[in-house]
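Each ligand, and each atom within it, is numbered from 1 in the order the structure gives.
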Amino acid sequence: MPATGPSTGARPARTTGTTTTGPLSAAPATGRPGSSPFVDLDRAAWIRLRASTPMNLTAADLERVRGLGERIDLREVEEVYLPLSRLLNLYAAGAARMHAVTSTFLGDGSGVAPGPRTPFVIGVAGSVAVGKSTVARLLRELLSHWADTPRVELVTTDGFLLPNAELERRGLLGRKGFPESYDRRALLRFVTAVKSGAPEVRAPLYSHLVYDIVPGAEVVVRSPDVLIVEGLNVLQPARPRSDGRTGLAVSDFFDVSLYVDARTEDVASWYEERFLRLRQTAFSRPESYFRRYADLSDAQARARAREIWSSINEPNLVENVLPTRGRATIVLRKAADHSVTRVRLRKL
Ligand SMILES: Nc1ncnc2c1ncn2[C@@H]1O[C@H](COP(=O)(O)OP(=O)(O)O)[C@@H](O)[C@H]1O
Ligand SMILES: CC(C)(COP(=O)(O)O)[C@@H](O)C(=O)NCCC(=O)O
C-alpha cells in the first residue's frame, strides 16, 4: 500500500502529558526543562500524535502480524504503533539526509565518498516475553507501508546463540539468553557488515521448536531500507577486550533503539500464559524439544513455567537486560494488558 502521509508526520506533543524524567522507575517527573535527556509522554499525549499520522495498515495486514494468541487490536496499533512507525520513518529520512551531506562534503570525485546509504538499523530490546517480537513484527509491517522505507527486514539475535552442544560443553545450558550464551563476535561482525554496506549479509537461524540452532539454515539480509535487530541483549555495552581496551558494541551500529518495558510481575505472567498456550500447540509436535511438557496438567505446566522464569529469564532480566534500558533511544512502557501507557524519547 503506498504511503499517503503528510511530509511532516509526527510532531512532539505540547505541554499536557509531556514531561522530562529520569529512569522510568524514578519519582514523578519534575517537568523542569533541561533536567533530563528524555521527553516522557503519557498515553494521552502520545496518542494525540495519531491525528497527524494516516492509517496505513488494513485489518488484513494486521492479521499477518498476529502471533500466537495475541489480542493486539487495531486501535492499539493506530494509537501507539502507527505514530511510532512514523517517527522511526522520519528518523530514517533524517539519516538519509546525513548520508547525503557526508557524500557532498567528501565529494563524489574524491575517491573517499561513502558509497550508497547503508540500511537504517533499529534495535529492539527487552525481557523474554515482554513482547519484543510482536513490536518488531508490527514495526516491520508498518514501516514497510511508508514510501521511503518499503524494504524492511528483521533479524532476531537468537540465531547467534551458541548451539546447545556448545552451551552444554561450556556449562551454559541453564543460561540461555544470558550474554555469554551468544557468539557475540559473530553478532558484532553481522551488524558491522550491514552498516558497512555489504550487499548480502547472512545470519544463522534458531528454532524455538527444536530449541537449538538449525544447522546450515540462514537468514540473508540484502541491503534493505531498514533492518530491525531484535533480542534480549542488543543494548549490552561493549566488553573490555583482553588488551584492556574497550571494543565496539552491537548497539554502536544502531541508528535508533527501542526498549520494551513492563513490570516484572506482568512479564512473568505473560511468560506463563505463553508457555501454557505453547503446550497445546507447538509443544505437542513430535519434533518439539518440549514434547515432554505437552502432557502436563495446567497446574504442572504453570509450575514448570514459573521455575524456568525464576531460574533463567528473571535473573537475566534483572542482571543484564534491565540495566540497558537507559541506553535506548525510545522506551515503551506497557501495562498488564499490554497497552502502552508511556513513551520515553531521547531529546537527541
Ligand atoms: N501488544 C500485545 N497485545 C497482546 N498480547 C501481546 C502483545 N505483545 C505481546 N503479546 C503476547 O505476550 C507474549 C510475549 O510476546 P512476544 O512478542 O512473544 O515476546 P518476546 O518476543 O519479547 O519474547 C506472547 O504470548 C504475545 O502473544
Ligand atoms: C531464545 C531466547 C534466549 C531469546 O533470544 P533472543 O532472540 O532475544 O536473543 C529465549 O526466548 C529463550 O528461549 N530462553 C531460554 C529460557 C526459556 O526457555 O524461556
Side-chain angles (χ1 to χ4, degrees), residues 62 65-77 79-81 84 123-140 154-164 167 172-184 186-187 190 203-213 219 228-236 250 258-262 266-283 288-290 293 304-317 320-321 324 332-341:
L62 185 64
V65 297
R66 277 214 168 103
L68 183 74
E70 279 162 33
R71 288 169 301 275
I72 185 159
D73 62 359
L74 264 177
R75 202 171 132 221
E76 182 74 2
V77 173
E79 293 185 344
V80 175
Y81 296 99
L84 179 63
V124 178
S127 170
V128 165
V130 78
K132 296 180 303 303
S133 49
T134 306
V135 169
R137 280 181 289 137
L138 254 177
L139 287 177
R140 174 172 62 181
L154 170 58
V155 164
T156 52
T157 58
D158 48 16
F160 292 92
L161 281 165
L162 296 165
N164 285 352
L167 288 173
L172 293 174
L173 250 188
R175 290 179 71 84
K176 210 181 246 198
F178 281 66
E180 62 272 24
S181 65
Y182 293 85
D183 182 346
R184 286 174 278 188
L187 177 57
F190 170 81
L205 189 74
Y206 181 78
S207 161
H208 283 267
L209 194 64
V210 296
Y211 201 65
D212 204 351
I213 295 295
V219 181
I228 302 174
V229 181
E230 177 242 301
L232 288 169
N233 287 305
V234 294
L235 288 174
Q236 281 288 314
V250 170
L258 212 80
Y259 184 97
V260 188
D261 191 31
D266 293 335
V267 187
S269 81
W270 300 336
Y271 182 78
E272 204 175 304
E273 294 312 317
R274 185 175 66 182
F275 191 93
L276 258 78
R277 275 200 306 277
L278 287 169
R279 185 187 48 144
Q280 288 151 4
T281 52
F283 291 174
S288 172
Y289 177 84
F290 294 111
Y293 296 157
R304 183 67 193 122
R306 271 189 223 129
E307 211 173 289
I308 302 173
W309 174 260
S310 57
S311 62
I312 305 179
N313 296 318
E314 185 179 18
N316 194 22
L317 169 60
N320 298 306
V321 183
T324 67
L332 295 183
R333 175 77 176 185
K334 289 166 67 174
D337 64 354
H338 286 282
S339 62
V340 171
T341 52

From OH (Y182) to CG (L187), nearest 0.5 Å: 9.0 Å
Reported CG-to-CZ distance for the pair L161 and F178, which is rounded to 0.5 angstrom: 12.5 Å
Distance-only polar pair, side chains of K176 and N316, donor-acceptor under 3.5 Å: no
Stepwise side chain to side chain contact (heavy atoms under 4.5 Å, CB included) check, L172 with E180: CA-CA 8 Å; L172 293 174; E180 62 272 24; 3.8 Å; yes
Distance-only N or O hit between ligand 1 and S133, under 3.5 Å: yes
Backbone N/O of A336 and side chain of W270: donor-acceptor pair under 3.5 Å: yes
Numbered atoms and elements of ligand 1 in range of G131, under 4.0 angstrom, heavy atoms: 9 (C), 15 (O), 16 (P), 17 (O), 19 (O), 20 (P), 22 (O)
Best match, E272, H208, E230, H338: closest heavy atom to atom 2 (C) of ligand 1: H338
F275 and Y271 aromatic ring geometry - parallel, tilted or perpendicular at 30°/60° bounds: tilted
Ligand 1 to T134 polar contact by distance, N or O atoms, under 3.5 Å: yes
Parallel, tilted or perpendicular, as decided by the 30° and 60° cut-offs, for the rings of F160 and F190: tilted
Proximity flag S127 to ligand 1, non-hydrogen atoms under 4.0 Å: yes
Straight-line distance of L332 CG to L258 CG, nearest 0.5 Å: 4.5 Å
Exam field: side chain D212 to backbone N164, donor-acceptor pair closer than 3.5 Å: yes
Nitrogen or oxygen of Y81 less than 3.5 angstrom from that of ligand 1: no
Test item, E273 contacting ligand 1 (heavy atom, 4.0 angstrom): no
Separation between CG of D158 and CG of L232, rounded to the nearest 0.5 Å: 9.0 Å
Ligand-protein N/O pairs under 3.5 Å (ligand 2):
{"from": "ligand 2", "atom 1": "5 (O)", "to": "Y182", "atom 2": "OH", "distance (Å)": "3.4"}
{"from": "ligand 2", "atom 1": "7 (O)", "to": "D158", "atom 2": "N", "distance (Å)": "3.1"}
{"from": "ligand 2", "atom 1": "8 (O)", "to": "L232", "atom 2": "N", "distance (Å)": "2.9"}
{"from": "ligand 2", "atom 1": "9 (O)", "to": "T157", "atom 2": "OG1", "distance (Å)": "2.5"}
{"from": "ligand 2", "atom 1": "9 (O)", "to": "D158", "atom 2": "N", "distance (Å)": "3.3"}
{"from": "ligand 2", "atom 1": "9 (O)", "to": "Y182", "atom 2": "OH", "distance (Å)": "2.5"}
{"from": "ligand 2", "atom 1": "18 (O)", "to": "Y211", "atom 2": "OH", "distance (Å)": "3.3"}
{"from": "ligand 2", "atom 1": "19 (O)", "to": "Y271", "atom 2": "OH", "distance (Å)": "2.6"}
{"from": "ligand 2", "atom 1": "19 (O)", "to": "N313", "atom 2": "ND2", "distance (Å)": "2.8"}

Distance-only N or O hit between ligand 1 and A129, under 3.5 Å: yes
Nitrogen or oxygen atoms of R277 and ligand 1 under 3.5 Å apart: yes
N/O separation below 3.5 Å, R137 to ligand 1: no
